[in-house]
Amino acid sequence: MTIALQLIASGLCILFVGGGIAFADSSPPSLAPMLERVFQSVVSISVKGKAAEEIDPLLQDPFYRRFYGLSEELPPQTSSFQAVGSGVIFNAQRGLILTNYHVVEHANAITVSLNIGKTMHARLVGSDPETDLAVIEISADNLLAMPFGDSRHLRVGDYVVAVGNPFGLGQTATLGIVSALGRPGLGTDNLATFIQTDASFNPGNSGGALVNLEGELVGINSATAGSALGINFAIPSVLAEQIADELVAYGKVRRGELGVVVQDMTPKVRLALIINHESGVIVSQVNSDSAAQRAGVLAGDVITAIDGHPVGSATEFRNRIRSIKPDTAIRLLVDRSDKSFEIAARLSELKNDNSPESPITYLGSIVLLDVKAGVKPYGKADGALVIAIDKDSKAAAAGLAAGDIIVSINRQAVHSSKETLDLARRSGHSLLLGIYRDDALRFLTVQ
């Protein structure tokens, strides 16, 4: 039997006949024609700068400094550094180059070397730590931009080539396959989901190109778990192109913010809230004066879809919201009290992402979450909001209901769901609960 394999890069037809290989013409297959084009669009980057040094903890101790007659004020500790990386020309007319944020972080001077040996200074256009991407600009003629490919079309097993400047040696190409897709943040807080490949990366490859066999950019090389292990990661081109456009236009990435803290739906919460479907996230906090509050989202709501697209996890929810531009109207599909309905909200602009998580806590058959005074709509007191309760439980029989805020146990104030849980466990079988309901404080006894 004869099997024909079309090699995209060279256009050659290779025939496997009886275990042997026969070429349709006299030339062996090669990636060289494609790489000759790609090399013209990949640059080497050198940076110089200063970064903060780790300081000995003893030196940070004021007593130690006084004891040894050192200055009361600790001077800034910085050190000079030099580093190398790679970049990809994506706009030839303007000389725009896409690279990693960590390549140019803290850089005071950025130098770019083209594949023809020409070297020039570059300026930083904008950077985005969340996705580890940055855009720099050079002034040069006769540049060749690399076309963006569509990383959404990649499949596990597709051939890819990593091109960059490993160890500062200059342009190098390594061949591999796509090992996995959609790898999440890899222990970081960034928003990217990565392409995993066994095409070798080394220090200096960061910011370089991951290309398909047609020479299209399908990823920006970003991280490695060790080239010897064959586990390397690239930022998908679809995300890289979107971020590059934002950085060129605004110098930063504008992200949408709904103003909620959400958590994954767990079997316990699903059972307590009587929710039949498995998708969705539970809202554990609604920030004051946020887009969510203005739209009418409440703590305890379950958001199952954004603009008709199902939501599977808290991470997916946050990333999807932040991928939408500010001032965009969105539709949230919400489950609340056995009812499902849509809420329209208009996103504000994300200023920072330092909102603390508001953990859901389980006190036997009761599901609790933190509330704070002044944080609407429930924030009339510090304590633990009851978002669900087993109707057959002793607490329900004593009169505790969803929507109550537990503010004390056995006359001792509690300020969080964790405090409520800890105090309840230490208090024996009988509990005197102070609850806030209908703008009034009342007490319930749970035996």
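- Between the side chain of Thr99 and the main chain of Ser86, a donor-acceptor pair closer than 3.5 Å is present.
- Applying the 6.0 Å contact sphere to CZ of Arg123 captures more than 12 heavy atoms from other residues, nucleotides or ligands.
- Here salt bridge (charged side-chain N to carboxylate O under 4.0 Å, His left out) pairs that include residues 157-167, with residues two or more places apart or in two chains, are Arg155-Asp158.
- For the side-chain contact (heavy atoms from CB on, under 4.5 Å) with Tyr159, the qualifying choice from Leu175, Val178, Asn212 is Leu175, the only one to do so.
- Contact of the Asp289 side chain with the Arg294 side chain is registered, since non-hydrogen atoms from C-beta on lie closer than 4.5 Å.
- Proximity of Ile303 to Phe317: side-chain heavy atoms (C-beta onward) are separated by under 4.5 Å at one or more points.
- No side-chain donor-acceptor contact under 3.5 Å links Asp132 to the backbone of Pro129.
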List the steps and the verdict of salt bridge (charged side-chain N to carboxylate O under 4.0 Å, His left out) for Asp307 and Arg320. CA-CA 10 Å; Asp307 289 334; Arg320 188 170 294 172; over 6 Å; no

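- Remark: Arg346 engages Asp327, Ala329 in a side-chain contact (heavy atoms from CB on, under 4.5 Å) (not counting sequence neighbours).
- Residue Glu349 is tested with Lys325, Arg254, Arg322, Lys252 for a salt bridge (charged side-chain N to carboxylate O under 4.0 Å, His left out); the sole match is Lys252.
- One distance of note links OG of Ser408 with CZ of Phe443; it measures 5.0 Å at 0.5 Å rounding.
- Side chain of Thr304 to main chain of Gly280: no donor-acceptor pair is present (N/O by atom type, distance under 3.5 Å, no hydrogens or angles).
- Here the rule is side-chain contact (heavy atoms from CB on, under 4.5 Å) with Ile136, and of Val47, Leu247, Val104, Val103 only Val104 fits it.
- Ile177 is not listed as a side-chain neighbour of Val160, based on a closest heavy-atom distance of 4.5 Å or more.
- No side-chain N or O of Asn232 forms a donor-acceptor pair with one of Thr197 less than 3.5 Å apart.
- Using a distance-only test at 3.5 Å, with no hydrogens or angles considered, a donor-acceptor pair links the side chain of Asn221 to the main chain of Ala209.
- One N or O on the side chain of Ser313 and one on the backbone of Glu316 form a donor-acceptor pair closer than 3.5 Å.
- Side-chain contact between Arg255 and Ser323 is absent, with no heavy atoms from C-beta onward closer than 4.5 Å.
- Of the possible polar contacts, one joining the Ser151 side chain to the Val238 backbone as a donor-acceptor pair under 3.5 Å is found.
- Taking the side chain as every heavy atom from C-beta outward, Gln196 and Leu181 never approach each other to under 4.5 Å.
- Of the possible polar contacts, none joining the Ser127 side chain to the Val135 backbone as a donor-acceptor pair under 3.5 Å is found.
- For Gln93, the side-chain contact (heavy atoms from CB on, under 4.5 Å) criterion is met by Asn91, not counting sequence neighbours.
- In this structure, the side chain of Asp245 does not engage the main chain of Gln242 through any donor-acceptor pair within 3.5 Å.
- Remark: the backbone N or O of Glu257 is paired with a side-chain donor or acceptor of Ser348 at under 3.5 angstrom.
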Could you go step by step and tell me if Val446 and Leu400 meet the side chain to side chain contact (heavy atoms under 4.5 Å, CB included) rule? CA-CA 9 Å; Val446 180; Leu400 190 66; 5.8 Å; no

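- Annotation: the span from Ile195 atom CD1 to Ile235 atom CD1 amounts to 9.5 Å, rounded to 0.5 Å.
- A distance-only check finds no donor-acceptor pair linking the side chain of Asn108 to the backbone of Gly49 [under 3.5 Å].
- Using a 4.5 Å cut-off on side-chain heavy atoms (C-beta onward), Glu246 and Leu133 make no contact.
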